[in-house]
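Worksheet: the structure to be examined is printed underneath.
Just so you know, ligand 1 is whichever comes first in the structure, and atom 1 is the first atom listed for that ligand. Hydrogens, waters and symmetry mates are skipped; everything else that's a heavy atom, side chains included, is used.
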Amino acid sequence: MSLPQERRLVTAIPGPRSQELLARKQAAVPQGIGTTLPVFITRAGGGVVEDIDGNSLIDFGAGIAVTNVGNAAPKVVERVSKQVADFTHTCFMVTPYESYVEVCEKLNELTPGDHDKRSFLVNSGAEAVENAVKIARHATGRQAVVVFDHGYHGRTLLTMTLTAKNMPYKHRFGPFAPEVYRVPLAYPFRGPSDAYEQAVDMIEKQIGAENVAAVLIEPIAGEGGFIVPERGFLPRIADFCRANGIVFIADEVQTGFARTGDLFACEDEGVVPDLICTAKGIAGGLPLAAVTGRAEIMDKVHVGGLGGTYGGNPLACQAALAVLETIEAEDLVARARRIGEIMLPRLEAMKSRFPIIGDVRGRGAMIAIELVEPGTKTPNAAATQALVKACHAEGLLVLTAGTYGNVLRFLPPLVMPEHLLEEGLGILEKALGEL
Ligand SMILES: *Cc1c(COP(=O)(O)O)cnc(C)c1O
């Protein structure tokens with residue numbers, strides 16, 4: 001780790017040079033591309049990001065659960081540097097190369113279930129989800145897709161349709177894709193407590209189980225607010241799918257690659273998906289995503305029915321191999337669990353001091369607090385925004401989430417040094433006290 005692992009503020013946040021760049025951004029980039037924290041980054045590694053004004057911020061975001069192994073992780077740098085000098089692209093569908101096959105072999109081996117699997121590579125989480133739906137429809141000859149309240153699956157036409165939240169993801173972007181149905185999620189803090197029964201009733205009575213190609217779910221809802229479904233919910237949904245010939249798709253785009261204290265979040269309850277979508281943490285920030293699934297489902301699609309020009313780019317494949325090596329060499333699954341063991345008790349203690357915290361939840365290094373009007377469950381988005389601002393001003397990068405915009409989520413790189421983790425929590429606690 002070449003960057004000093006310290007928080008260091010030398011200007012206000014954002015500093016003058018970042019403000020200059022922000023003005024240029026506003027003149028060159030549409031406002032639709034939002035900015036969480038307008039500091040422009042020049043270097044990042046370990047648990048910090050360094051900006052153009054010389055500030056070093058504690059990173060509780062990891063580029064939205066992407067740099068699990070840290071930014072510019074040594075093995076990633078080494079493998080990608082070598083690859084960029086050898087060749088940068090052939091298109092795997094034109095003339096293949098070994099690294100793509102190796103990534104797929106690893107995914108087949110490491111994802112839940114010891115059945116025969118196939119994988120292929122694309123560029124983004126949304127593209128992985130789109131492809132999983134294509135495959136499920138093709139394999140079943142059915143059309144309906146069932147998704148859940150609070151779900152997030154991307155920003156393309158199909159995936160924004162699959163996404164629950166209107167603003168900002170869907171608003172005025174209709175008409176949406178057909179044959180998408182939404183059912184309740186077991187959300188322990190807000191209910192409903194009979195989400196499974198309601199979901200099955202809707203599938204059977206409103207859609208018809210025999211019309212359903214796929215049920216698509218995030219094992220822990222990410223953008224929806226780090227909602228960990230009630231125990232038993234996921235396995236029961238998976239069982240229902242198996243009994244009805246429905247393809248069970250796990251969207252592990254945010255939860256994958258050691259983030260939750262397992263290599264994949266489905267492992268926690270022993271759930272084995274038919275198809276699994278991965279992206280974010282897969283390649284340390286190089287654009288890569290994958291669909292992995294049962295060979296008999298994946299192999300149904302005709303030659304040429306799947307693919308894309310850039311999917312499984314050789315640089316991204318080398319990065320993915322480096323990520324998997326790093327996760328194993330540094331036992332980042334255990335690191336994620338340790339992060340959870342540090343964060344959860346401290347946040348629980350804050351919850352007992354500050355009644356504005358309604359709920360503390362998450363697993364491993366995917367942790368969140370949900371903010372409410374004290375003494376109620378009424379979402380408190382205003383306090384959430386104020387808290388984020390206060391943390392940012394102190395050099396702690398945090399992200400929000402949640403259907404009601406009232407969740408503060410923490411996604412530190414798994415290689416974050418513990419002193420920075422503690423310091424970040426201290427900043428949060430101080431900000432809560434001042435709120
Ligand atoms: C981020 C995300 C996506 C979309 O991934 P992109 O790479 O942004 O297209 C899909 N599903 C989940 C659960 C995500 O968190």
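Interface of Glu218 with ligand 1, defined as ligand atoms under 4.0 Å from a residue heavy atom, comprises 13 (C). Residue Ala126 approaches ligand 1 through these ligand atoms, each under 4.0 Å from one of its heavy atoms: 4 (C), 5 (O), 6 (P), 9 (O). Of all the atoms in ligand 1, the ones that sit under 4.0 Å from a non-hydrogen atom of Gln254 are 15 (O). Residue Ser124 has at least one heavy-atom neighbour below 4.0 Å for each of these atoms of ligand 1: 7 (O), 9 (O). Shown in contact with Lys280 at under 4.0 Å from a heavy atom are these atoms of ligand 1, numbered in order with element: 1 (C), 2 (C), 3 (C), 14 (C), 15 (O). The contact set between ligand 1 and Asp251, taken as ligand atoms under 4.0 Å from a residue heavy atom, comprises 10 (C), 11 (N), 12 (C), 13 (C).
Contact annotation: the side chain of Asn68 never approaches that of Leu332 to less than 4.5 Å [non-hydrogen atoms, C-beta and beyond]. Inter-residue side-chain proximity for Asn55 and Glu50 is flagged as unmet; no heavy-atom pair is nearer than 4.5 Å.
For atom 6 (P) of ligand 1, a protein heavy-atom neighbour is found at a distance under 4.0 Å.
Residue Ala279 does not touch ligand 1, judged by heavy-atom distances below 4.0 Å.
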Starting from the C-alpha separation in whole Å, work towards a yes-or-no answer on side chain to side chain donor-acceptor pair (under 3.5 Å) for Asn406 and Thr384.
-> CA-CA 5 Å; Asn406 66 327; Thr384 309; 5.8 Å; no
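Between the side chain of Lys170 and the backbone N or O of Thr163 there is at least one donor-acceptor pair closer than 3.5 Å.
Partner of Glu223 under the side chain to side chain donor-acceptor pair (under 3.5 Å) criterion, out of Gln254, His150, His153: Gln254 alone.
Looking at ligand 1, you won't find any N or O of Val253 less than 3.5 Å from one of its N or O atoms.
With respect to the salt-bridge test (charged N to carboxylate O, under 4.0 angstrom), the residues Arg236 and Glu269 do not qualify. Ion pairing between a basic and an acidic side chain is recognised when a charged N comes within 4.0 Å of a carboxylate O; Glu330 and Arg335 show no such pairing.
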